[in-house]
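Below you'll find the structure, written out as structure tokens, and then a few comments.
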4 protein chains.
Amino acid sequence: MQTLKEEIKHRILSAALDEFDLHGYSQSSMRRIAAEAGIATGNIYRYYGNKEELFQALIRPTYLQFMNLILTIKEEVRGNLFKDVPEQMGLVDATFNRLITLLEESRKETKILLTQSQGSSFEHAKRELTDIIVQIFESVIFHGEGDIGPNEKTAVAILALTIVEGVCITLQNVTEREQIRHSFVELAAVFAAGLKEKAKA
Amino acid sequence: MQTLKEEIKHRILSAALDEFDLHGYSQSSMRRIAAEAGIATGNIYRYYGNKEELFQALIRPTYLQFMNLILTIKEEVRGNLFKDVPEQMGLVDATFNRLITLLEESRKETKILLTQSQGSSFEHAKRELTDIIVQIFESVIFHGEGDIGPNEKTAVAILALTIVEGVCITLQNVTEREQIRHSFVELAAVFAAGLKEKAKA
Amino acid sequence: MQTLKEEIKHRILSAALDEFDLHGYSQSSMRRIAAEAGIATGNIYRYYGNKEELFQALIRPTYLQFMNLILTIKEEVRGNLFKDVPEQMGLVDATFNRLITLLEESRKETKILLTQSQGSSFEHAKRELTDIIVQIFESVIFHGEGDIGPNEKTAVAILALTIVEGVCITLQNVTEREQIRHSFVELAAVFAAGLKEKAKA
Amino acid sequence: MQTLKEEIKHRILSAALDEFDLHGYSQSSMRRIAAEAGIATGNIYRYYGNKEELFQALIRPTYLQFMNLILTIKEEVRGNLFKDVPEQMGLVDATFNRLITLLEESRKETKILLTQSQGSSFEHAKRELTDIIVQIFESVIFHGEGDIGPNEKTAVAILALTIVEGVCITLQNVTEREQIRHSFVELAAVFAAGLKEKAKA
DNA sequence: CATGAATGAGATTTCATTCAT
DNA sequence: GATGAATGAAATCTCATTCAT
């Protein structure tokens, strides 16, 4: 009986994952999720009190892991501000390593969190994450010194978003662990080289 | 009378632009659009057969211009494959220039096309654009020779999406013509330097 | 086993009593009743075919006792029409005594019957009781003689309802046996004095 | 067109009045109200935002008039505490006069307010009214002096409720202005005489 | 042509009742 | 018999679309 309940729960979550992925939070239909899960519409509500609760059960763990990771990185970076560039780049690399590990376990959840959560309580997650990454980059690149003009701010915002969105597209295109890792390392190398070159100028 | 009709059409489109920008396609309300346009709800349907048709009238020109631009670039790049790297980088730069010009004339439309079109017939536009940019980058970077492994493919996909998403975030953050241009040049420089460095290795 | 069944029946009735008292018939929940009784939801239906049947099992005895009492009193009063006023007042007093005894044993059931039965087959019980009390009062006051105009009818209807509602409010405010009795005697005294005074005029 | 809207509004209110009267607030159905009003279900929401709003539009004016009346009376009584009994009884009589006038204009609304508002924001109206009437009676009867024991408190509560419920039953039985007035005067006389008699003892 | 009231399908949610285990 | 998961009808409410005026 417990097996049965867990089985249904799993089918609901699985159906919801596909539905939210396909239609986004607000256009997703509890009816369709129930139908896809092969149960009666009302039965979903025995497992998840409402649409938002179902969404949270699916997405919240991934959200928390992301925030945890990013905030930890932010603190680490802040503590290493005056170390040399290679070391900092090592930290950036470490960032990607952690991201990849996290993503390997929750590809679709992350995609939903970042691109399909409009109307839910996570609709600002992408901006939150991007804002923190911006702060990290500002620490790394500008050593916390000097003025950051609006042009630089935008460039950095784009870089930050690149990471977040790079995460998304990698999730859509790549399935194997080593490929994900390699893709990010590749991208990191481009950025590192590009930033170093710019720093010279 | 025709002038009158055009005036109303314009007011509908203007109201729709704000509504779609603010709420996204599927959460936008025909009633609110009519109210904002200062006409009766039902009157919209004299001008645009339904919600999707109104959306198309608003977004399709921008969509076509983008596809046109991107496909033109693709052909140009293909015809210049064996020129040297700096020249190719010049092409990449030209890409950005054209993009910027296009964006300066249709900021909101582009933002809607790329981030607020879920549920409409343009919901795959972002992926279409990204896919073509991927092909362009593959031409530029790998000279059409040799094998492109899955790792490289992903890295390139990320680069391509970076451009598209860079467009989006710039549109959200920057309002002045010169700032848009500067942000993109900045980002292009990072990529150019990074790719050149990688090419050496 | 029969003992067991009786035990469960009792627990269901006890839980239902509280639920109906608290939420009224139509807003009461079979699930909550089952939970409160410590049994499975579906198991209620082994004992009581449906919600209405459960309600009847709980409330019908009290309803019948009330009707019995009231109808008995009605007959007694009819048989004593030409006795003198003090004797009649004694009868009225007896009415209250019997009511109190009945109420002492089924406070909650009475409250539910009179104020929480909307949507059930007893939703007209209050009116039925009041109507009969009206008839009794008409016998007592007008000796069955003469015409009873609509004005008198209404006044009497109010008096009757006063008793019924007095019952309800007493049940809500007073918990001890002697207080219930005292409250009713008090009220009866006011009515008796008031009616006597009116009778002189 | 405005006439048409007013006509529909009137039909909705009329249908709602019957529905709430028959089934009580929480068991009333917007569908049935719409059907009874001869319009589509969704159309109600063009006129009243939701069920509660419709209920308020129907019942609130009556509620406010009642509270106004009762609180005015309370203040008047407080200002006349040491006048003699007949004069006070005159005030009680005035109370009834005002009540009657109010009731003549909103019979069903009052019945719904007092007996069919469970689940709405007016579900405590009856108790509020009764509580204030209790305070008035305590002023009148005990002149604000001495202790009021629990027995007296219950008796007074019953008297207060009698008035409120007397209002209800009169509304159900009597239709003509003069009859309503007469019934209440009659009842008032009984109470007045009864209380006087008791006061002697 | 313009209006905006009306429609009706579909969304989320609740709950008495049923039924496989 | 007991269980509680599942059902399915019905409730409230929204909104693109239609249509009488």
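All chains are named by letter (A, B, ...) in the order of the sequence lines, taking the proteins before the strands, and each is independently numbered beginning at 1. Predicted model only: the values in this text are computed from it and were never measured.
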Can you pull every protein N or O that's under 3.5 Å from an N or O on nucleotides 12-14 of chain F?
residue, atom, partner, partner atom, Å
dT12(F), OP1, Ser28(D), O, 3.1
dT12(F), OP1, Met30(D), N, 3.1
dT12(F), OP2, Met30(D), N, 3.0
dC13(F), OP2, Tyr45(D), OH, 3.2
dC13(F), OP2, Lys51(D), N, 3.0

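- For residues 27-41 of chain A, the salt bridge (Lys or Arg N to Asp or Glu O under 4.0 Å) pairs, not counting sequence neighbours, are Glu19(A)-Arg32(A).
- Scored by the side chain to side chain contact (heavy atoms under 4.5 Å, CB included) test, Ser26(A) finds Gln27(B) as partners (sequence neighbours excluded).
- Residue Tyr48(C) contributes atom OH, which lies 17 Å from atom P of dA16(E) at whole-angstrom precision.
- One atom, NZ of Lys9(C), and another, C1' of dA2(F), lie 16 Å apart when rounded to the nearest Å.
- If you take CZ of Arg46(C) and P of dG4(F), they are 14 Å apart, rounded to a whole angstrom.
- When the side chain to side chain contact (heavy atoms under 4.5 Å, CB included) test is applied to Ala35(B), no partner is found at least two apart in sequence or on another chain.
- Judged by closest nucleotide on DNA chain E, Ile39(D) is the one of Ile39(D) and Gln27(C) placed further toward the 5' end.
- Minimum atom distance to the side chain of Ile8(B) is reached by dA2(E), of the listed dA2(E), dT3(E), dC1(E).
- Taking only side-chain nitrogens and oxygens, Tyr47(C) never comes nearer than 4.0 Å to OP1 or OP2 of dG1(F).
- Asp21(C) meets the side chain to side chain contact (heavy atoms under 4.5 Å, CB included) test with Lys108(C), Lys111(C), Ile112(C); sequence neighbours excluded.
- In this structure Leu22(B) satisfies the side chain to side chain contact (heavy atoms under 4.5 Å, CB included) test with no other residue, sequence neighbours excluded.
- Contacts between residues 10-21 of chain C and DNA chain E, counted as heavy-atom distances below 4.0 Å, involve no residue at all.
- Listed by first and then second residue, the salt bridge (Lys or Arg N to Asp or Glu O under 4.0 Å) pairs that reach into residues 48-67 of chain A come to none, sequence neighbours excluded.
- Counting to the nearest Å, the P atom of dC19(E) and the CD1 atom of Ile44(C) are 18 Å from each other.
- Annotation: ring-ring contact (aromatic ring centres under 6.0 Å, His included) contacts of Phe55(C) (sequence neighbours excluded): Phe20(C), Tyr25(C).
- No donor-acceptor pair under 3.5 Å is formed between the side chain of Thr62(C) and the backbone N or O of Thr110(C).
- For Glu109(A), the side chain to side chain donor-acceptor pair (under 3.5 Å) criterion is met by no residue, not counting sequence neighbours.
- Pairing analysis of DNA chain E (Watson-Crick: purine N1 to pyrimidine N3 plus N6-O4 or O6-N4; G-U wobble: N1-O2 and O6-N3; both under 3.5 Å) yields stems of 3 or more pairs at E:2-21 with F:2-21.
- A search for side chain to side chain donor-acceptor pair (under 3.5 Å) contacts involving Tyr63(B) returns Glu128(B), not counting sequence neighbours.
- In this structure, Phe55(B) places its CZ atom 16 Å from C1' of dA16(F), rounding to the nearest Å.
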